[in-house]
Amino acid sequence: MASPLPGNRDTVLNISFGTKNKIVYHFATGKYDALFSGGIQMMQAGAIVGGIDTTGKVNTLFESTNTTYRNFTKSRTKTAYGPATVYCIYRKDKTGVILEQAFTTFKDKNYFLARTKVYQCGRSINYCSPLVNAKVSLNWGGDNYGLHSPFDNDMWATYETERLDSLKFTSSEVSVIFNENRKGLVVGSLEHKVWKSGIYLQGNSARSFQLTAFGGYTDQKLTHDLRSHGTVESEQGIISSPLIMVGYFDDWRSGMEIYGSNNKLTEPPVIAPWKGATPVGWNSWGVLQDKIDLPSAKGVIDFFADSCKLYRTKDHKLFIDLDSFWDRMIEGGLDGNSDKLKAFVSYCNAKGFEPGIYWAPFTDWGKQGDRKVEGSDYSYKDVWTYINGKPLDVDGGRAMDPTHPGTRARIVKYIEFFKSLGFKMIKIDFLGHATLEADHYYDSRVTTGMEAFCNGMTFLDSVLDNKMLTYAAISPNLATARYVHMRRIACDAFKSIAETAYTLNSVTYGWWQGHMYDFMDADHVVFKDASIGENRARLASAVVTGSLITGDDYSKRGPWRTTAMKLLQNKDLLAIVGKDGKPFRPVVLEKGKAPSNVFEKRMGNKLYLGVFNYGENKTTMKLSLLRLGIKSPKSSKMIMGPSTAKADFSDGQVSIQLPGKDAAIFCLDL
């Protein structure tokens, strides 16, 4: 720690950062202001450490405003984000506990990082905020909005925007306050190994609101917790809040992408980066679901081998993934007859495809507690997660303690079984069950749901040993990134335009997670029993998200086969996916839960536009070229869309005509 610098407790400390931004810390009150050159004043923010009960009431143990200033330090350091200056202000309460308010700043960045610590407090806490009760005012024109982010993608969770003057909510992990001119204030946690974090916003007017960012967030609907956040125990006498990023950006989309990248820098991946091409494949849950068997799986493989030969990854691979109910292809359990599953793997390999499998490592679908846990001498009732002495059910599945040796033995049993058969991909599901706050965990050092999740996922990755493409389905939005290559961006979606719109809600406000994961996915693309326009829209939603997994039952003849041969072999679309597998950005924002209807992606001197019409009737969309950041393109072409779709460029704008329930993707040469 740097030597203490003199400080007058009756004065202020001015901390400059970025371009004409500064933090003003008030020694006398323990509060601070953050003044951004982008027209944002964040005033009278404090720090609190304490407890939060099941009703959400915070019981304060230590507060910056009720402690006495002692001294501060200033030090220069190298961080994962670049060279930084760290300011630490130390305050002391009457019991001798030291409270630290730390600010990490950068010369070239318009954001700062805030953290609060307490030393020698001798108590467990479950609430910690380095930024509490700030009064924020905006000097912005136009309408202003706040973003409510979900914790995960379970139960068809969605993102939602609300007008600033009427909002009152707690957003999970991150929020952004933005206006129609794209200015934005990004506030979010960069750490997810100990705390569930919340960003509380309460609008006061169209230009002002209250802001708190804290660790200790639980909610029965969003995080699926039935009790308050687990207590955080001191480590060597220190308890620390999550690290919070606070920053202004002229374009909030750039701010969210920086936020996503900073998450990855703060908590680097446990799993090794994926070295192959952007995944392309098929998954049985799209249509076959519980009807999966060896003949149908072989029929699907034959279709792609014989009739849809261009539908491949950039390195000419195709993943064929058996979802839930694959166990109907074995007899007598994992130690029984698995000849059908072996035959599936062999058939995949013979056709040059990559076999995939599905599993939920922290979920028990049975209710009889005396059943033996596979690979162990424990019973299932020994490994369940308990709340108030009762096993916890979420989504019809019983949560399992990720730290329990029985759960771990089961992981070893299943994963070694999959690896021994030669599976090259695994879809892991219901990972949120591992994050649930519990009465206790087998590992007594683990006291919070996120610690349990980190414990379980790290162990799972160690057993996988980087031998498979690892794909997460239902899972925490941010915390999962360290442990998998690929993640489904929303909940189950199949074929309709409504399901396409649902998926693109998450892309509209969560595309930046592509800076955390190797790949994002839009779930299985299903064509069966939908119009050709809806088929195009569903496929376009996958291209816009980044990777491509289809899901029809191609073992049977039907119009979906013809559609697949036409749409899935579009070389231009596959080239977009294969280039880097990264999502498109939203261009146009709607209010509430409505997704953007225009997405963009730059690749070299080309700009790709994904355009969607979610309504029943034909529409004409008009968009300023300035909004796209371009002048008139040299040329343009539609690489997928209905023949009636048109894009006209004149008078500084693009006008796009599109039929109802349809989509098109355009390529612009700049």
Side-chain angles (χ1 to χ4, degrees), residues 145-162 169 171-176 178 186 188 199 221-224 252-253 256-257 259-260 263 283 395 427 429-432 471-481 484 486-526 537-549 551 577 581-601 610 612 614 663:
Y145 300 89
L147 176 66
H148 186 222
S149 301
F151 172 73
D152 60 16
N153 56 348
D154 200 1
M155 303 180 190
W156 288 271
T158 56
Y159 294 79
E160 185 171 6
T161 61
E162 291 187 32
F169 57 68
S171 182
S172 178
E173 305 294 341
V174 64
S175 185
V176 57
F178 63 92
V186 175
I199 312 299
K221 182 178 180 181
L222 264 70
T223 68
H224 318 296
W252 70 275
R253 301 175 305 167
M256 293 305 297
E257 289 169 356
Y259 170 73
N263 270 276
N283 177 269
D395 260 359
K427 177 181 176 181
D429 204 358
F430 296 100
L431 303 184
Y471 172 116
I474 291 175
S475 54
N477 293 340
L478 305 188
T480 310
V484 303
M486 184 174 173
R487 179 179 179 271
R488 193 173 71 190
I489 200 164
C491 200
D492 292 16
F494 297 90
K495 60 191 176 184
S496 73
I497 196 69
E499 288 164 319
T500 291
Y502 163 72
T503 298
L504 291 178
N505 163 276
S506 290
V507 180
T508 300
Y509 296 108
W511 87 97
W512 48 269
Q513 293 167 37
H515 290 259
M516 300 175 64
Y517 296 86
D518 291 335
F519 308 104
M520 303 297 296
D521 179 62
D523 203 22
H524 25 62
V525 173
V526 172
R538 190 71 187 99
L539 176 58
S541 72
V543 174
V544 163
T545 308
S547 60
L548 184 50
I549 304 293
V577 171
K582 295 302 180 184
F584 286 44
R585 270 181 163 189
V587 176
V588 179
L589 295 185
E590 305 291 340
K591 300 180 182 69
K593 298 180 180 181
S596 177
N597 56 10
V598 183
F599 297 83
E600 63 176 349
K601 181 175 181 176
F612 297 82
Y614 308 109

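Values below: all heavy atoms of this structure, side chains included; hydrogens, waters and symmetry mates excluded. For this chain, numbers begin at 1 and follow the sequence in order. As the structure is a computational prediction, the values presented were derived from the model and not from experiment.
- Here the closest non-hydrogen pair linking Leu548 and Leu539 is CD1-CD1, 3.5 Å.
- Formation of a donor-acceptor pair under 3.5 Å by the Tyr502 side chain with backbone atoms of Ala490 is not found in this model.
- For Glu162, the salt bridge (charged side-chain N to carboxylate O under 4.0 Å, His left out) test picks out no residue, with sequence neighbours left out.
- For Asp523, the salt bridge (charged side-chain N to carboxylate O under 4.0 Å, His left out) test picks out Arg488, with sequence neighbours left out.
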Test Trp512 against Tyr259 for ring-ring contact (aromatic ring centres under 6.0 Å, His included), laying out the working first. CA-CA 8 Å; Trp512 48 269; Tyr259 170 73; 5.5 Å; yes
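- Closest non-hydrogen pair, Ser596 versus Pro586, comes out as CB-CB, 4.0 Å.
- Considering only heavy atoms from C-beta on, Ile549 stays 4.5 Å or farther from Val525 through its side chain.
- Contact between Arg538 and Thr500 at its shortest, heavy atoms only, is CD-OG1, 3.3 Å.
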Steps toward side chain to side chain contact (heavy atoms under 4.5 Å, CB included) verdict (Phe519, Val577): CA-CA 10 Å; Phe519 308 104; Val577 171; over 6 Å; no
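- In this structure, His224 and Met155 have side chains that are in contact, with non-hydrogen atoms separated by less than 4.5 Å.
- The aromatic rings of His148 and Phe169 sit tilted, their planes meeting at an angle between 30° and 60°.
- Note that the CZ atom of Phe178 and the CE atom of Met256 stand 10.0 Å from one another [nearest 0.5 Å].
- Of all heavy-atom pairs between Thr503 and Ala493, the closest is OG1-CB, 3.3 Å.
- Formation of a donor-acceptor pair under 3.5 Å by the Asn597 side chain with backbone atoms of Phe612 is not found in this model.
- Considering Lys582, Lys601, Glu257 in turn, Glu257 is the only one that fulfils the side-chain contact (heavy atoms from CB on, under 4.5 Å) rule with Trp511.
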Could you check Arg253 against Glu600 for salt bridge (charged side-chain N to carboxylate O under 4.0 Å, His left out), going step by step and ending with a plain yes or no? CA-CA 12 Å; Arg253 301 175 305 167; Glu600 63 176 349; 2.9 Å; yes
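- Thr480 contributes a side-chain N or O that, together with a main-chain N or O of Pro476, makes up a donor-acceptor pair within less than 3.5 Å.
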Derivation of the side chain to side chain contact (heavy atoms under 4.5 Å, CB included) call for Met486 and Asp518: CA-CA 6 Å; Met486 184 174 173; Asp518 291 335; over 6 Å; no
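- A pairwise comparison of heavy atoms in Ala542 and Ala522 identifies CA-CB, 3.7 Å as the closest pair.
- Between Leu222 and Ser149, the closest heavy-atom pair is CD2-O, 4.0 Å.
- Using modelled atom types, no side-chain atom of Asp152 and backbone atom of Gly432 make a donor-acceptor pair closer than 3.5 Å.
- The closest side-chain heavy-atom distance from Asp395 to Ile474 is below 4.5 Å.
- The structure places CG of Leu431 at 10.5 Å from CG of Asp154, a figure rounded to the nearest 0.5 Å.
- In this structure, the side chain of Asn477 engages the main chain of Pro150 through a donor-acceptor pair within 3.5 Å.
- Between the side chain of Tyr509 and the backbone N or O of Tyr159, no donor-acceptor pair lies under 3.5 Å.
- Rounding to the nearest 0.5 Å gives a distance of 9.5 Å between OH of Tyr145 and CD of Glu590.
- Exactly one residue among Val587, Thr545, Val507 makes a side-chain contact (heavy atoms from CB on, under 4.5 Å) with Phe599. That residue is Val507.
- There is a side-chain donor-acceptor pair under 3.5 Å between Ser547 and Asp521.
- Judged by distance alone, the side chain of Thr161 and the main-chain N or O of Gly592 form a donor-acceptor pair under 3.5 Å.
- Taking OG of Ser172 as the start and CD1 of Ile199 as the end, the distance is 8.5 Å to the nearest 0.5 Å.
- Ser475 places a side-chain N or O within donor-acceptor distance of the main-chain N or O of Ala473, the cut-off being under 3.5 Å.
- Proximity of a side-chain donor or acceptor of Asn505 to a complementary backbone N or O of Lys593 within less than 3.5 Å is detected.
- To the nearest 0.5 Å, atom CZ of residue Arg585 and atom OG1 of residue Thr508 are 13.5 Å apart.
- When only modelled atom types and interatomic distance are considered, Asp492 and His524 share no side-chain donor-acceptor pair under 3.5 Å.
- For Glu173, the salt bridge (charged side-chain N to carboxylate O under 4.0 Å, His left out) criterion is met by no residue, not counting sequence neighbours.
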In sequence, state the C-alpha distance, the side-chain angles, and the governing distance for Asn153 and Ile489, and then conclude on side chain to side chain contact (heavy atoms under 4.5 Å, CB included). CA-CA 7 Å; Asn153 56 348; Ile489 200 164; over 6 Å; no
